[in-house]
Amino acid sequence: MVRTGRCGRDESRGGRESEASGVVPAALRVIRAGRRVPLRWTLSVVGLAGLGGLSVTTTAFVIARHAFAEMWRAGREAHQQGDSYVPDTGLLLRLIAAGAPVLLAISWLGCAALQTAHARAATGKAEPTRWLRLGHVVAVYPLRCVIVCVVPAATFWLGVHLRPDAGRRTLLLDVLTGPAGLVALVLRLGLTFSPTAAASGAGPLAALRRSWRLVWRPGAWWRTLAVSVSAGILTVGTFVLLFHAAGPLRRVIRPAVMAFGTDNPYVAYAAGLLAPVAAALLLTALLTLPVLHTTFAVLYERLRQTPVARETPGPTARGS
């Protein structure tokens, strides 16, 4: 009986392709088998994250109330004198810059909790969530962000000093579409599974190394890229649709703020701008995170359990 190495490689490749095509159905089976526990986790975490974001936003509005009052006073004076008025948004921009890290930390904490729950559901482990493991997953997010952003940030900084005549937007566009942006994409792809690895028990640095080795194994990077691109399209598409659907909230929030909160139109205008964004973000997380996190967890387990393909030396014969 003659058996060739090429035939074995073809069978192995076909098995990998059929396995890759079944990642999403397998993730949906995991969610159904969990009796919608991941969905309840997602609802709880997204609700708590929404309350945290609302608290941060409310605090920012309270801190900026004097700036809003000054805008309103100057606007009324300009209107009475028949002049145009452009409000000074410097303080508001500083408040946004100060609140963004807090909101990002809330999102990282929520994603870490969901990633841990979905990874446990994908592996079938019933052990309780340990705070140390959750801390490892939380730590992975800023580490990955720093690693991915260091090259574009350094390139942008050099561009600011070497090309002072160029505008900031032009420099940022050149960085994102140039070699620095490509390096960032490669790094981000290689570190795709680092939160999942941390949720499975690895430390933060070990999770980064494990994800990098796993993604760049033969035949693994294209599967990771396909799932990542699909996840990005699903997330962005869902957010855009929900954002446009939540547009009528502006017409509800602005008069509600004027009637029950303050008669300052600038506060009502800002609240009306933020409401559709917040609603779209929360609903996008609620609808997409269970499927996305479970899909990445299932793909991680499959890649981790798949042995590294080895080339066979050639045709071998057994018996004669």
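These numbers were taken from a predicted model, which means no experiment stands behind them.
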**Request:** Could you check Phe156 against Asp174 for side chain to side chain contact (heavy atoms under 4.5 Å, CB included), going step by step and ending with a plain yes or no?
**Result:** CA-CA 9 Å; Phe156 180 77; Asp174 292 342; over 6 Å; no
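Figure legend: cation-pi geometry between Arg76 and Trp72, with NZ or CZ positioned under 6.0 Å from the six-membered ring centre and within 45° of its axis.
Note on Val102 and Leu104: separate hydrophobic clusters, where clusters join Ile, Leu, Val, Met, Phe, Trp and Tyr whose side-chain heavy atoms are under 4.5 Å apart, directly or indirectly. In this structure, Trp221 is a member of the same hydrophobic cluster as Ile147, with clusters built from ILVMFWY side-chain heavy atoms closer than 4.5 Å. Leu281 and Tyr141 are not part of a single hydrophobic cluster, where members link through side-chain heavy atoms under 4.5 Å apart. Put simply, Val56 and Val257 are part of two different groups of oily side chains (I, L, V, M, F, W, Y) that touch within less than 4.5 Å, one to the next. Hydrophobic clustering (ILVMFWY, side-chain heavy atoms < 4.5 Å, transitive): Leu205 and Phe193 are in one cluster.
Contact between Ser194 and Ala207 at its shortest, heavy atoms only, is O-CB, 3.3 Å. A pairwise comparison of heavy atoms in Val140 and Ala198 identifies CG2-CB, 3.7 Å as the closest pair. The shortest non-hydrogen separation linking Thr192 to Ser211 is N-OG, 3.4 Å. When all heavy atoms of Val138 and Pro142 are compared, the pair lying nearest together is O-CD, 2.8 Å. Scanning all heavy atoms of the two residues, the minimum distance from Ala297 to Ala119 falls at CB-CA, 3.9 Å. Contact record, Thr224 with Leu299: CA-CD2, 4.2 Å, taken as the closest heavy-atom pair.
Within the 4.5 Å cutoff, the side chain of Trp108 has no heavy atoms near those of the Val137 side chain. Side-chain contact between Trp41 and Arg120: present, with at least one pair of heavy atoms (C-beta onward) separated by less than 4.5 Å. Taking the side chain as every heavy atom from C-beta outward, Tyr300 and Arg210 approach each other to under 4.5 Å.
Here the NE2 atom belonging to His136 is positioned 11.0 Å from the CG atom belonging to Leu143, to the nearest 0.5 angstrom. Atoms CD1 and CG, from Ile106 and Leu48 in turn, are 10.5 Å apart once rounded to the nearest 0.5 Å. To the nearest 0.5 Å, atom CG of residue Leu214 and atom CG of residue Leu303 are 5.0 Å apart. To the nearest 0.5 angstrom, Asn264 atom CG is 9.0 Å from Met71 atom CE. Distance OG1/Thr288 to NE2/His293: 8.0 Å, rounded to 0.5 Å. Considering CZ of Arg223 and CZ of Arg217, their distance stands at 9.5 Å, rounded to 0.5 Å.
Between Phe61 and Phe68, the ring planes are parallel. Angles under 30° get that label, and only those over 60° would be called perpendicular.
The backbone N or O of Leu225 lies less than 3.5 Å from no partner atom in the side chain of Ser228, so there is not a single donor-acceptor pair. Using a distance-only test at 3.5 Å, with no hydrogens or angles considered, a donor-acceptor pair links the side chain of Arg65 to the main chain of Val62. Not a single donor-acceptor pair under 3.5 Å links the side chain of Thr294 to the backbone N or O of Val291. Here the side chain of Arg254 pairs no donor or acceptor atom with the backbone of Leu273 at under 3.5 angstrom. Counting only distance, with no hydrogens or angles, the side chain of Trp222 and the backbone of Gly219 share a donor-acceptor pair below 3.5 Å. No donor-acceptor distance shorter than 3.5 angstrom exists from the side chain of Arg144 to the backbone of Arg188, with no hydrogens or angles considered.
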Between side-chain atoms of residues 230-244 and protein atoms elsewhere (two or more places apart, or another chain), which donor-acceptor pairs fall under 3.5 Å?
residue : atom : partner : partner atom : Å
Ser230  : OG   : Ala226  : O            : 2.8
Thr235  : OG1  : Ala231  : O            : 2.8
Thr238  : OG1  : Leu234  : O            : 2.6

